[in-house]
Amino acid sequence: MKPRRVGPLVAAAVLLALAAQGAERTDEIVVAFGAEPQQVDPTRSSAGVDGYYMDLFYENLLAVTPDFERVNWLAESWEVVDDADGLRIAVKIREGVTFHNGDELTAHDYAYAFERQSDPTSRTAGRLRHVDGVRVHDDYRFDMVLGSPDGSLEPLNLILATIPRKYYEEVGDDGVQVHPIGTGPWKFVSRKVREELVVERFEDYWNRDAMPVAKRLRIKIIPEDTTRVAAFKTGAVDWIDAVPPAQVEEFEATPGVRVASLPAPNNLYVALNAIDAGSPFRFPKVRQAAAHAVNVDDIVQYVLYGQGIRTAQLAPGTLGYDPALKPYPYDPARARELLAEAGYPAGVNVNCYNLTTPREPYFKEVGETIFAYLTEAGIRCRIVQLEYGAWINLGRRDVRPHMDGIMSTMWGQGLPGDPTDAWSGHVHTTGDGWGSYSYESTPQLDAMIETLRTTMDLETRTRLIEEIARLKHELVAGGLPTYRPMITLAWREGVDFDPWPAAFWRSMRGLRGAEP
Amino acid sequence: MSGYIARRLLQGVVAIVGALLIVFVAQRLSGDPVALMLPMDATEEDFAAMRQALGLDRPLPAQFVVFIANAVQGDFGDSYQWQAPAMALLLERLPATLELALAGLVFALLLAVPLGVISAVHRGGVVDRVAKIFAMLGQAVPGFWIGLLLILFIAVELQWLPAFGRGGLANLVLPAIALGWYPVAAMTRTLRSSMLDILDSDYVRMERAIGLPERWIVWRFALRNAFVPLVTMIGVYFANMLGGAFVIEVVFAWPGVGRAVVDAVFARDFPVVQAGVVLAAVVFVVVNLIVDLSYGFIDPRIRHG
Amino acid sequence: MSAAKLLAWLRPSKRRERPTAREMQPDRVAEPRTGRLEVRDLKTHLFLKRGVLKAVDGVSFDLAARETLGLIGESGSGKTMTGLSLLGLPPKPAGRIVEGSVKLDGRELVGLPEDVLVDEVRGRQIAMISQDPMTSLNPVFTVGAQVAAPIRAHGLAQASAALGMAVDELDRVRVPSARERARDFPHQFSGGMRQRVVAAMAIACRPRLLIADEPTSALDVTIQVQFMDLIERLQDETDAALLFITHDLGVAASLCHRIAVMYAGRIVELADATELYAAPKHPYSQGLLASVPKLGRRGERLTAIPGNPPNPLDLPSGCAFHPCCPHATEQCRREAPPTVAVDGSGEVACWLHV
Amino acid sequence: MAEAVLPRPLLGRLLRAREGGFPYIAATVLALVLVCALLGPWISPHDAGRIALSEAMTPPAWLEGGSMSHVLGTDNLGRDILSRIIAGARVSANVALYAIVLSGFIGAVLGMAAGYFGGVVDALISRLIDVQMSVPSIPLAMLFAAVLPPGEAMVIFIIVLSYWTWYARLVRGEVLSLRERDFVKLAKVAGVGTPTVFYRHLAPNVLNMLLVLATLQFGSVIVFEAGLSFLGLGIQPPNVSWGGMLADGRNFIEVAWWLITMPGLAIMAACLASNLLGDWLRDTLDPVRRQL
């Protein structure tokens, strides 16, 4: 006797039928990000990824155009003044700019932003160490009073965040996290952490030229590459970031799909411990050997499918970028020679710490490959995988365990970049710049970086950066630069997207709804 | 029955306290627990303040008492990543995870019940053999792999079902299959063997002898008996489902507890990890309690016993 | 104690007469019930890994309405298998009816399709009361539902009406306060009460033939007696024929009109109860009777028979009983005896009587 | 009821014959895994860690563009997949063996103690089992992954932590019933010391069941390890594990299906084999409890 139950079959059929309906389109555009910020308060920013949302809501005094040109944005004008009143940056802001809640932006808001950002609990406090305070003249004019010259402020777009003081004081820190308010092109609508963020166009946005076209954005958070790509292919989302490099070619060949590969705001390098007494990397020759040992070009070509820009020191678009500076050529024989000259004819054994963050495409594989090349040339790696949290602990100074060998790492800066802050961190012996920590101690470089830090004249700065880069390159000091990753965005035809480089694309200004 | 419930409740409480102890011990394993709780650029003062706040300057048993006292109130500290109470963050996501686990269970039952019953009725038949192979494969193939293949074929190639996220019923199908995949095997086999016993029992012989149709006997009378051992399994496998859901959530971008905890592990957001483990234990204990109580509805001997 | 004395003691003072027509409950079945069962040369074999077990090996007998036939023999002699074969329910997957005919009111049952057997025969025309009341009821359903199940299955009534009829049936088998108890589960009943429930299930659709398979072997002696009374009355009330399977000679004697003695899958002797007890013809029957101790004694293996019971998978040649038979001859070893009529209504399968 | 041998189609009879017989294929697969584990470096065609970028993503030999020097193809770094599967067998077998032996040992000792002594000991151990069982193993693994250095030792630790309860429960139940058997009672009455009773009477009886469970769990441990590695919490490169290969390959599932298929198949084969062999062992050692 055959059981005649069809219940399960019917249920399955119903499920399938429901599924077939698919997502319905409205005039909102659905986009997918691979990562999500933890902060939506620009005065509490702690990691690069925080910019993902902040760029939607907040703006700075200065901004960068798609052509890497720095322009005044909320600042109508600014200048460095050094007179009887002391050294300061005098800023005049635009009039008639309103926050999403209707409050007008005034100079007092910047004084409040400084108060928050210079608080020791804020991660930006270090970047403001040369700024003594903000002096407000009237609603639209204020001075950033400098204790000593600081050349890194301009590249940071004058660093001060544009936040509504009244609102902040009203709702407190928690309130800001729940509902961020800025002057930016997008207004916060709703957010489900780890799921989605919904924003809509800010109709009273001051800059008509940079007004978004789309009415609403629904931003999905999909960290898993495969899943994000699948969401795009099934039409559930119209725009994704971080197309896996291996699939860029396929995306490019897909009709109806547009892609743009842009330089990401990160510079990758391999940190070498050049300070410990027992470390072989104290010797420049060993560091040079390492530089000769790794075939970064092949890594970019094969591991990254071309999605990377080889760097000798700095990447194009960074202040002081010197096209004449060429990377060390891949030459394992020369590497072995150099090792022998340094007194290690039998090679060396080192611990190699591999960061396995999903934040940069194939970062883990790149690390493995680099370490394999090094091993081949006699710098024999004992690979230790580090996920992000452990990596941060290892990188943290004066916290055990100590980074005693080689570590894959990165430093980031917007575009156009300026290395001052980063080099203060990982090239200067005791520097307290943003980002990575230093395993380097070269007095000459220390002196040059200190000078750079306090130089505000652009021309001088550029020359100084070039000089430092050359010396750094020659000594392979402060680590071995490898490449700047490219990030590939994809969107479907019918969605009009104008990709701005650098972090800017995540402000999604260039995103327009399709013409009907 | 009420004595039984009380005993089970007590066992549940003991289990949860045990889980808390494990969490507490794990925290000590790391050396300085504060190092895990503070962001990378915390200062020495931050460390001292945190130590004092957590009572880490006190002896261990006292610390455990404080830990338990806080835990009972659901306080595992703030997530440093999200600057919000860790448990609250997870509780927000609990419905999503339960929904997924439940869907996985429903899928597993939808497949296991017919397979198990038909295998038992037609022992050695085609279905039995297919089910046997299926069961073996089910246990040998990781669910997340199935998940990836499902995304690839069903969602991307065929475009039948959405690939990711939480939403309508359609969004549930693929993750539920990936999650329910594993228990199908065990459930089918349990059901099959208990059905075999039952179909060979005196009362089924009696039911046959008085002319009840085989369809009734199998699907109405015997199946209900066979559910008793199956329900036990559901309790056991729910733990696996919860654990499995942690992995499947990552694959399908499911906004549940598991994904939050995985993220927290990588960010060294220890309060969230702790809260996640305790939450999993609590859910497991509660589910098993419900399962135990539901025996009564299936098997009257327990209800009256 | 002599056999005659024993018999006198065993038998109820009033020897049961052949059933007379008596007023009945309004019959649920419209067709006339004569309930004549004719079994001819029935063979049910079990195909096991180790070989073929001829559990029923050519059984023939007749049974009239309101008549009670006792089927006695040791365990393994094929009694239960005979009962199951009548229902078309040899144990699966090993068992199969390989030969023979079972006719109820002239209708051939062997070879009927399974669904016809289910719809029209089992429970409806033939029902069985199984051995162990403790395990014969489904533990997770109320007894009401279980008694109602055959009524619903055979289309005699729908859900709630069937439940009402089930209560009537429970009443009929003397379950006290049946209406309330119908909602109880089997584990809330005593063994004797459970057996009554089983009986209620069996008679719920008024079968013409009731097979009772050692229905009292698991019960206490006092309960046994009560239950036997109940069976008798049920049979009277429903005019059914009764095939009573037992190894308990005492019980059989008190209840049955005729008795068939089974050995190794065959009926070796069939006779009126009185005749059989008075003068058993087959040596096996003689041994059996000689060994009867007293009422209620549950002896599985009756001690007076010499030798071991035969290996069912490897039966001796000729007459299966010959290795244990005091009168065995060369012919017994070579050739199975035919069944022959002997004086009176009896028949016997033994070379001594050919 | 006894098994039936109704006349069956020839194929059916063949299958049945094999069902009861020794599972040659399964045993071969498991033996292969063990051989790879022992002789890996000597039989593998390439160094499992050797990166050859220009040979990246070579498809398996039977596909267009494949080459015989990489029979199962290469991964995104040009590493030979066959060699990596062989190397992975070593790690998988290592983890599985250590984890199973340790959890089996701990579980058996605690289970025997609980079953044999009963009373407070039993209550304590049983509660411990309850506690352990009520913390699902994946979240537990995450907890320890957050505090312990990742790697083989951690994976083994976590597996032991989650798996010992299976052995403990099984052994406890068995000992509980053995304890009531005559030969154990006699031994006790005769004044045989507890260790001897354990060693001579309980251990051998329990050993069979342990062997069956251990064989069955071999595959389950491999799958568990793959899950951990998939989350990035398991075996860490440069050590190769099948789970890790799956995790690495999942980003390329649409580009190079073999990256994820080959290790997936290896897991499947090893796990299936261990299940089949375990079933056979159970049927052979303990035919009474076939339905277990």
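Below, chain A is the first sequence line, B the second, and so on; all start at residue 1. Treat the numbers as computed from the prediction; the structure is a model and nothing was measured. When reading the values below, keep in mind they use all heavy atoms of this one structure, side chains included, and skip hydrogens, waters and symmetry mates.
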Region of L246(D) that comes under 4.5 Å of a non-hydrogen atom in chain B:
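For L246(D), side-chain heavy atoms alone lie under 4.5 Å from chain B.
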
Need one label for L161(D): side chain, backbone, both or neither, based on atoms under 4.5 Å from any heavy atom in chain B.
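Answer is neither: L161(D) stays 4.5 Å or more from chain B.
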
Ignoring hydrogens, what is the shortest heavy-atom contact between [X] and [Y]? Give both atom names and the distance.
{"X": "A26(B)", "Y": "F144(D)", "value": "CB-CE2, 3.8 Å"}
{"X": "V14(B)", "Y": "R127(D)", "value": "CG1-CD, 4.0 Å"}
{"X": "F144(B)", "Y": "A226(D)", "value": "CZ-O, 3.6 Å"}
{"X": "V273(B)", "Y": "L143(D)", "value": "CG1-CA, 3.7 Å"}
{"X": "W145(B)", "Y": "T261(D)", "value": "CZ2-CA, 3.9 Å"}

Only one of I22(B), L20(B), V285(B), I16(B) clears side chain to side chain contact (heavy atoms under 4.5 Å, CB included) with V131(D); which?
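Going through I22(B), L20(B), V285(B), I16(B) one by one, the side chain to side chain contact (heavy atoms under 4.5 Å, CB included) with V131(D) is satisfied by I22(B) alone.
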
Interchain contact, V262(B) with chain D, by part (heavy-atom threshold 4.5 Å)
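For V262(B), the contact with chain D is made by backbone and side chain together.
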
Non-hydrogen atoms of chain D under 4.5 Å away: do they reach the side chain of V278(B), the backbone, both or neither?
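Looking at V278(B), nothing touches chain D.
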
More than 12 heavy atoms of other residues, nucleotides or ligands under 6.0 Å from CH2 of W258(D): yes or no?
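Correct, the count exceeds 12.
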
With a 4.5 Å cut-off on side-chain heavy atoms, are V261(B) and P139(D) touching?
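Side-chain contact under 4.5 Å: no.
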
Going through the distances and angles, do Y182(B) and V223(D) end up as a side-chain contact (heavy atoms from CB on, under 4.5 Å)?
CA-CA 11 Å; Y182(B) 179 76; V223(D) 171; 5.7 Å; no

Partner chain B: residue of I222(D), L233(D), L272(D) with the largest heavy-atom pair count (under 4.5 Å):
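Of I222(D), L233(D), L272(D), L272(D) has the most heavy-atom pairs under 4.5 Å with chain B.
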
